[in-house]
Amino acid sequence: MNNRIHILPEYIANQIAAGEVVQRPESVVKELVENSMDAGAEQISVVVRGSGKQLIHINDNGSGMSRDDLALSTKRHATSKIQTVQDLERIMTLGFRGEALASIGAVAHLEIRTRRQEDEIGWKLTAEPLKDDAIEPFKSEKGTQIFVRNLFFNVPARKKFLRSDLTEFRHISETMLKFSLARPDIRFTFYDADSLIFDVKPSTLEQRIVALMGERSASQLIPVEFTALLAKVSGFVGQPSMAKQSRSGQYFFLNGRAITNRALTHAVFFPFEHLLDKNSHPFFVLNIEIDAEKVDVNVHPQKHEVKFDDERMVYNTIQQAVAEALQRSNLVREAHFREQVAEAPFEKVQLSPSSTPNDILLVNRLTGEIINSSMQERQPAKVSENNPQSSSQSTSKTSHLSLEYKTSQKQTFGIAQQTAFDALFGTSTSIAQNHEPEKEQLFESPQVQMTVWQLHNKYVFVQTDKGVMVIDQHNAHERILYERALKAMNEQFANGQKLLFPVKVLLNSSEKALFDELSADLERLGFDITINDGIAEVRGVPLDVHAGEEEQALKEILSQYEEFQQIRHSDSRDNLAASFGCKAAIKTGQRLSESEMRKLVEDLFATSTPYVCPHGRPVVIDFPLGEFDRRFGRTS
Ligand code: ADP
Ligand code: MG
């Protein structure tokens, strides 16, 4: 019988192997630029022609190679970056597989020119599939220049598989963008044939982001800087206004290597959860630094993905880093209407070419009404409103307006501002049942009226000095209870109320285990519980737990705790306080009386971080008056 198995000729074996590393022009760019970075280059320029199919040319000022190294560099498994199996455990360079140049040489015409600083003369290598490499002396600058021509000329199947030029070019651009973000200390120059795509000089990461993403991003970047025991996270997240409907503005770098990882992306999204709708994706550039031994980068031929020893730890660190950044920047979600400034409401229509100014009609653009006369009356009113002193010149109608203006000014300005609460609402608030108190009364009363109003049993509106503030009632109460619970546990003040009739609660085994773990803190929180034969007898509950809700409160707090434990990385007391806050807080949908609303606002602004709930969600959104003015076409 004939034997059927044979060893493939090297030429074919190389082509197959190359398929793993070089899938498209972008892969070549990626491998070559990585080599330049590994060679310590401070300047890297990339030129592509025909979306990389005709030519990819890389020029760096890195270490260069000796003649012998150059000769070896294109051989399979030839690398200067690792030597032993131990090295594989601690990879500090971007490359290490020793495959890129060999693979590229198997599917294209490759030319390398290189010179080391210490060498007088450089060398040039030309490689072509099925031919021996040729090396000759060559006069060149310090560093390395690589030309890759006619990619896939000998692999028609692969060539056919490529997408349109535009798509291939976009892949290359995206990779160049990633490198530029990963290494702001390196100057990158990137050309598409003769047109310059970008040239970014060495700078800080922030400047680099602005250079690449545009000036507008400058005011929208929130710095992230967080060090945990085993990992460090730094970089920037974009304010919600920078979020996109696609994931294109999301960059993770792990020890300088661009990676993609869905779970970690979620870790960034989580603290943004209530700042963004589900289909928006926050912008971020985050560098994760972690001990090289704690991560395996050798799980993917193109090294886009890595495997962490402890992905949960990394997840938690990122989530905490972002939540902390949002909290630090006290991100109040400032609502902006669509970028549309109201047009002047009136159009001037000239009756005839020779008309005098008096013949010009003012027409309301919306209704078509001709409103000449009334307009003349209104104009001074507007002036006086902006400038109360001028009211003496106005008609009786406008003086009435300015009177109102002064009234409201008295209502909201001019009181010594001490606390955050005072700053927003003035010093004291009187609980008036009337939304529209008499004007006379306001003149007399030195007190400040806080106007509150509830929308759909969900949001509380409060008039402030600068506009209106919308408060999410559940998130706000959560923040209040969370701080109160933490205080009760840490400072051990009595926060419990005794029940007249103890309540029996049957705990399942996992609830029971959790209860045992947390019993001391639950007690500090205000619970008084004893367990007999697996049945919990609740004799007392925290003040904020309503009568009849004792069993539900206990069970929900335990299950919330468990849920948070998996996603939050915080100590158990903090977690318990957050669970308590979440479960005991007034719910969305609950109607509040005016005095309840006022109490809520007061309590909220007595907390340390009124703007964010314990999970980093926003509590307050400010609508500045200017936004309304803009919309209504007033110049404020
Ligand atoms: P790897 O990067 O995995 O080591 P490559 O095939 O990409 O494998 O490169 C092989 C070797 O060639 C590298 O280890 C390095 O020593 C050398 N080399 C490649 N590109 C450059 C460059 N731009 N400058 C200096 N040396 C380089
Ligand atoms: Mg390499």
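Just follow the structure's listing: the first ligand is 1, and inside any ligand the first atom is 1. Bear in mind that the values here come from a model prediction, so they are computed numbers and not experimental data.
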Atom 2 (O) of ligand 1 - nearest protein heavy atom and its distance: K81 NZ, 2.7 Å

Nearest-option assignment for atom 1 (P) of ligand 1, heavy atoms, candidates S63, G40, A41, G98: G98

Heavy atoms from other residues, nucleotides or ligands near CZ of F198 exceed 12 (cutoff 6.0 Å): yes

Lys/Arg N to Asp/Glu carboxylate O, D291 vs R90, below 4.0 Å: yes

Mutual orientation of the aromatic rings belonging to F269 and H266 [parallel < 30°, tilted 30-60°, perpendicular > 60°]: tilted

Nitrogen or oxygen of D38 less than 3.5 angstrom from that of ligand 1: no

The Mg ion (ligand 2) to nearest N/O/S of T79 below 2.8 Å: no

Atom indices of ligand 1, in the order listed, that fall short of 4.0 Å to a heavy atom of G95: 2 (O), 3 (O)

Cationic N near anionic O, under 4.0 Å, E174 to K178: no

Aromatic plane relationship, F169 with F190 - under 30° parallel, 30 to 60° tilted, over 60° perpendicular: parallel

Between T144 and T114, a side-chain donor and acceptor under 3.5 Å: yes

Within 6.0 Å of OH in Y191, more than 12 heavy atoms from elsewhere: no

Distance from atom 12 (O) of ligand 1 to nearest protein heavy atom, with residue and atom: S73 CB, 3.5 Å

Atom indices of ligand 1 within 4.0 angstrom of E99 heavy atoms, with elements: 6 (O), 8 (O)

Crowding at NZ, K307 (>12 non-hydrogen neighbours, <6.0 Å): no

Per-atom contacts, ligand 1 versus R97 - under 4.0 Å to a heavy atom: 3 (O)

Distance from atom 23 (N) of ligand 1 to nearest protein heavy atom, with residue and atom: D60 OD2, 2.9 Å

Test: K75 and D133 ion pair at under 4.0 Å: yes

Distance-only N or O hit between ligand 1 and F96, under 3.5 Å: yes

Sub-4.0 Å atoms of ligand 1 with respect to non-hydrogen atoms of A78: 10 (C)

Atoms in ligand 1 with a heavy atom of A39 nearer than 4.0 Å: 24 (N), 25 (C)

Protein residue, atom and distance nearest to atom 15 (C) of ligand 1, heavy-atom basis: S80 OG, 3.5 Å

Heavy atom of the protein closest to atom 6 (O) of ligand 1 (residue, atom name, distance): L101 N, 2.9 Å

Shortest protein heavy-atom distance from atom 26 (N) of ligand 1, along with the residue and atom involved: M65 CG, 3.5 Å

SB check E26 R24 (cutoff 4.0 Å): no

For atom 22 (C) of ligand 1, the protein heavy atom that lies nearest, with its residue and separation: T144 OG1, 3.8 Å

Which residue and heavy atom of the protein sit nearest atom 4 (O) of ligand 1, plus the separation: T79 OG1, 2.6 Å

Residues D194, R49: salt bridge by 4.0 Å N-O rule: yes

Check: N35 N/O within less than 3.5 Å of ligand 1 N/O: yes

